[in-house]
Amino acid sequence: MMHSRRQILVKSPDFNRTIALQLDPAQSVLTLSGITSLLESSSSHRNSLSDFCVALDGKLLNGSTRIQVSKLPSFSMLTLYPRLRGGGGDGGATGAESRDCYLNMYAEKKPDKVDRNEQRLSKWLNCALSNEPLAEPCVIDLLGNLFNKEALVHALLSKRVPKQFSHIEGLKDMVNIKLTPVAGSDGSSQDTTSSQFQCPVSGLEFNGKYKFFALRRCAHVMSSKALKEVKSSSCLVCHADVKESDKIVINGTEEEVSSLREKMEEEKAKLREKKAKLREEKAKLREMKGVSNKSQNGTAVVADTGAKVAKMADTGAKVAKMADTGAKVAKRQMDDGNVNGNGITVKKFKAADKVPVNATKEVYASLFTSSKKKSDFRETYSCRSLPLGRN
């Protein structure tokens, strides 16, 4: 079997002319390393072929390229392009074979430096929950955090209190405070760069540079400096009695917050004990009341039974009275002849009931004493004649 011979024309700036490479007819696959060996054996080069990019018929070749010789045309053009030193977007070595190092360098953003002054002002001038500027009415919790009362109450009603404020369960865990506005300000400004409140005694600004206390008994807020310079057991504004335990440091240090937390836990424990004692006392009162009710119920049953017995006795007395009355009536009827000895009612004889035919009723009845009518006239021993007016 005859193989057709194929030629590859090589063109390169390193050559003064175009040269032709004869391919081995028995060779079936052509690689870049094979082409390189043919070039090195056919001519001398001032530079190594690794300094060039190789393109066959306009297509770049790399180390993994495999060309079927049978598919090559009779004449093919192999072009060598010199690689540019220092990188020029042509795939040449630049000292960094991957761009990941550059991407990572710019992708990893360094955290911005926090301005401590702004952070301090935000903590003292804004609500710790909504981050809105403080506006009356304001409250603090038992750890000294500042809140707008409206925002905190809304969060409690909607049950959206953050975990860090989970110790706030209701109004009992809030302390109302009275902030004193700076002279010339009403305390409602939205300016977050300067303080809108101050100490009512010393005039120090409420901006975090100075320590401030809130008094639980009267709700006034004043600086630590004022409390130290004017030592008193009462409020310097309203003169209400103040104890040391009534003072709550606002936005205190970690140690101060830890101390306030321990104090808060102690107060809650005492409150729980007090509630437990009240529940026990109420339970005892309910038990005593239950026993009293049972005793009263027993007395009421006895009294009710006695009343029923008395009522039955009264009824018996009434029945006896009725029987006595009936006996008297029966006796009177027997005396009158209306009732016989067996208690059977007998109709009394009246002469007028059996008048003979052609006789006058009144005349016939006058013959019998039973038919005589009673009269108020009475006979005397001296006169038995008819009274006047009867003749």
| message | Suppose the criterion is ring-ring contact (aromatic ring centres under 6.0 Å, His included): which pairs have a residue in residues 213-264, not counting sequence neighbours? | response | none
| note | Residues passing the salt bridge (Lys or Arg N to Asp or Glu O under 4.0 Å) test with Glu244, sequence neighbours excluded, are Lys247
| request: Name all residues meeting the salt bridge (Lys or Arg N to Asp or Glu O under 4.0 Å) criterion together with Glu267; count only those two or more places apart in sequence or in a different chain, and write none if there are none. | output: Arg216
| field | All pairs passing ring-ring contact (aromatic ring centres under 6.0 Å, His included) where residues 259-284 contributes a residue, at least two apart | value | none
| said: Looking at Glu256 and Lys211, is any side-chain nitrogen of the basic one under 4.0 Å from a carboxylate oxygen of the acidic one? | reply: yes
| query | If you count the non-hydrogen atoms of other residues, nucleotides and ligands that lie under 6.0 Å from NZ in Lys225, is the total more than 12? | reply | no
| message | Using the salt bridge (Lys or Arg N to Asp or Glu O under 4.0 Å) criterion, which residues pair with Arg217? Sequence neighbours excluded. | response | Asp246
| query | Should Asp141 and Asp173 count as side-chain neighbours, where that means a heavy-atom distance under 4.5 Å? | reply | no
| message | Using side-chain heavy atoms (C-beta onward) and a distance below 4.5 Å, is Trp124 in contact with Phe197? | response | no
| note | Besides Ile168, the hydrophobic cluster formed by Ile, Leu, Val, Met, Phe, Trp and Tyr side chains linked at under 4.5 Å, directly or via other members, contains Leu129, Val139, Phe147, Leu152, Val153, Leu156, Leu157, Val161, Phe165, Leu171, Met174
| message | Check this for me: Lys275, atom NZ, are more than 12 non-hydrogen atoms of other residues, nucleotides or ligands nearer than 6.0 Å? | response | no
| query | Quick check: does any side chain N or O of Asn145 sit under 3.5 Å from a backbone N or O of Ala128, one acting as donor and the other as acceptor? | reply | no
| message | Strictly distance-based, threshold 3.5 Å: is any side-chain N or O of Ser158 a donor or acceptor partner for the main-chain N or O of His154? | response | yes
| query | Side-chain donor-acceptor pair under 3.5 Å between Asn148 and Glu150, yes or no? | reply | no
| query | Tell me, do Arg261 and Leu142 make a side-chain contact under 4.5 Å, heavy atoms counted? | reply | no
| said: Applying a strict under-4.5 Å side-chain criterion to I, L, V, M, F, W and Y, I'd like to know whether Val249 and Val230 cluster together. | reply: yes
| side-chain contact (heavy atoms from CB on, under 4.5 Å) partner of Ile177, the single match among Leu215, Ile248, Leu134, Val221 | Val221
| field | Beyond-backbone contact of Ser245 with Lys263, side-chain heavy atoms, under 4.5 angstrom | value | yes
